[in-house]
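Values below: all heavy atoms of this structure, side chains included; hydrogens, waters and symmetry mates excluded. Atoms within a ligand are numbered from 1 in the order they appear, just like the ligands themselves.
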Amino acid sequence: MKKLFYLLFVALVLLLAACNSDSDTSGEAEGDSSGDGGGESAGKVEIFSWWTGAGEEDGLLALIDLFEEKHPDIEVENAAVAGGAGTNAKAVLATRMQGNDPPSTFQVHGGEELNKSWVAADKMEPLNDLYEENEWMDKFPEELIDLVSQDDNIYSVPVNIHRGNVFFYNMAVFEEHGIEVPTNFDEFFEAADALQEAGVVPVALGDKESWTATQVFENILLGVLGPDDYKKLFAGEIGFDDERVVEAAEIFGKMLDYVNEDHASRNWQDSAQLVANGEAAMINMGDWAKGYFANDLDLKTNEDFGYFPFPATDDSFTIITDTFGLPKGVENTDEVKEFLTVLGSVEGQDAFNPLKGSIPARVDADPSKYDEYGTDAMEDFKNSRLVPSLAHGSAASEGFLTKANQAVNIFVTQRDVDNLIQALTNAAGEM
Ligand code: GAL
């Protein structure tokens with residue numbers, strides 16, 4: 001009888017252990033956004049992001065592994081919600097923040113997405129102490145610290161810098177059809193014509209989620225306006241009815257003549273695949289596509305795929321920086337700060353970024369950990385004008401971005417330049 005009790009007891013313990021491990025780390029928690037009904041138990045860090053699946057999660061999992069190695073006593077919950085550019089995650093996050101059920105830390109773009117949404121609503125803890133303790137003030141570029149600061153307070157820690165104004169291309173396809181890398185819009189459309197005549201889709205697009213089209217449009221705006229006036233546009237100093245914005249919309253319409261017919265049913269990975277398998281020649285995508293090509297599809301940088309700056313934007317670098325902060329109301333702030341410390345360390349950044357396709361946000365990371373794309377991007381970052389991305393939250397508020405995405409989405413099907421200009425002009429007050 002005693003033995004039976006003992007066996008039942010052991011079975012119960014094993015069952016409880018198994019239940020517990022369901023909610024732990026390992027990147028399997030896709031879509032788990034339920035939280036714990038406010039405030040996590042001490043010893044646990046819930047990391048909220050949209051990095052799940054191919055091309056997205058490898059870097060995060062490497063960072064979590066490193067953190068777990070350093071802090072085996074702290075449990076990690078990977079609460080990622082799928083959907084490129086945070087299409088779904090941002091809505092889930094908003095509901096949780098409004099319901100006072102914040103995750104321990106969450107992915108947020110530096111710039112207006114952080115400042116106008118969460119800092120303005122007084123939902124974030126300042127992290128100045130953490131920056132001081134870790135001696136970070138001169139380890140991140142000043143422009144980047146500015147993007148995550150408001151009134152002398154610093155509100156998040158950047159893990160990376162992605163570049164948004166890049167085209168990736170299939171090298172064999174370019175070579176087979178004698179295509180040269182285009183540097184301006186005329187050369188771009190000449191190349192696109194030649195590819196189309198040869199039966200290749202010139203430009204891959206997957207705008208099932210409309211941010212990918214908004215990203216193309218913002219890069220055309222950058223090309224037409226140049227970095228200074230691009231910034232003025234989003235600072236409200238140049239109107240969306242400016243004739244150069246109209247010109248950009250016309251170029252955008254023309255570029256859409258060269259995309260795959262099924263663009264509306266593809267996401268960014270599906271459209272990048274068209275370039276990988278040679279059905280399409282090139283794609284404008286932030287350099288998370290580099291992570292996808294190299295890690296998920298096993299393609300070789302500068303052998304299978306090449307890259308060039310978006311036409312007419314050679315002197316600029318559209319920054320997309322993923323950052324993590326500490327929401328107010330989180331109980332176990334010490335553990336969260338431990339996570340942010342690892343994320344902001346050289347080791348953390350060099351575990352994450354070579355897999356993600358981005359460059360480290362820190363200035364003193366180890367370039368030998370990156371491939372040729374990475375070291376080229378690091379050079380370009382140093383030598384270019386830095387501009388914020390609209391599609392990825394830095395240039396304008398979420399309210400404006402939502403309306404811009406809707407207007408772009410309608411433009412892609414209707415191609416009505418006046419309508420697009422009108423919609424953007426109407427929304428400008430919300431920037
Ligand atoms: C961006 C984000 C990147 C990448 C991309 C595609 O907004 O900054 O890290 O995840 O979306 O989802």
**Student:** Would you call the rings of F240 and F234 parallel, tilted or perpendicular, where under 30° means parallel and over 60° means perpendicular?
**Tutor:**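 Rings of F240 and F234: perpendicular, over 60°.
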**Student:** Provide the number and element of each atom of ligand 1 under 4.0 Å from a heavy atom of K356.
**Tutor:** 3 (C), 4 (C), 9 (O), 10 (O)
**Student:** Identify the heavy atoms of D287 and Y373 that sit nearest to each other, and give their distance.
**Tutor:** OD2-OH, 2.7 Å
**Student:** Within a distance under 4.0 Å of any heavy atom of H109, pick out the atoms of ligand 1 and give their elements.
**Tutor:** 1 (C), 2 (C), 7 (O), 8 (O)
**Student:** Using a strict 4.0 Å cut-off to heavy atoms of G84, name the atoms of ligand 1 that fall inside it.
**Tutor:**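 Counting atoms of ligand 1 from 1, those under 4.0 Å from G84 are 12 (O).
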**Student:** Heavy-atom contacts with W268 under 4.0 Å: which atoms of ligand 1 show up? List them by number with element.
**Tutor:**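 Counting atoms of ligand 1 from 1, those under 4.0 Å from W268 are 6 (C), 12 (O).
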**Student:** H392 heavy atoms, cut-off 4.0 Å: which ligand 1 atoms fall inside?
**Tutor:** 1 (C), 7 (O), 11 (O)
**Student:** Within the 4.0 Å heavy-atom shell around D322, which atoms of ligand 1 are there?
**Tutor:**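 Close to D322: 2 (C), 3 (C), 8 (O), 9 (O).
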**Student:** Is there side-chain contact between K208 and H263, with heavy atoms separated by less than 4.5 Å?
**Tutor:**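 Heavy-atom side-chain distance check fails, nothing below 4.5 Å.
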**Student:** Please report whether ligand 1 has a polar contact with W288, defined as an N or O pair separated by less than 3.5 Å (distance criterion only).
**Tutor:** no
**Student:** Ion pair present between R96 and E46, side-chain N to carboxylate O less than 4.0 angstrom?
**Tutor:**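 Here R96 pairs with E46 in a salt bridge, since their nearest N and O are under 4.0 Å apart.
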**Student:** Is there a donor-acceptor contact under 3.5 Å linking the side chains of Y307 and D376?
**Tutor:**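 Present: a donor and an acceptor within the cut-off.
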**Student:** Quick check: W211 and ligand 1, any N/O pair under 3.5 Å apart?
**Tutor:** no
**Student:** Would you say ligand 1 has an N or O under 3.5 Å from any N or O of E56?
**Tutor:** yes
**Student:** Within the 4.0 Å heavy-atom shell around I320, which atoms of ligand 1 are there?
**Tutor:** 8 (O)
**Student:** What class does the angle between the rings of F310 and F185 fall in, given that below 30° is parallel, 30 to 60° is tilted and above 60° is perpendicular?
**Tutor:** perpendicular
**Student:** If we only count N/O pairs under 3.5 Å, is A85 in contact with ligand 1?
**Tutor:** yes
**Student:** Between W211 and H392, how do the two ring planes meet: parallel, tilted or perpendicular, split at 30° and 60°?
**Tutor:** perpendicular
**Student:** Might you confirm whether atom NZ of K90 has over 12 heavy atoms from other residues, nucleotides or ligands at distances under 6.0 Å?
**Tutor:** yes
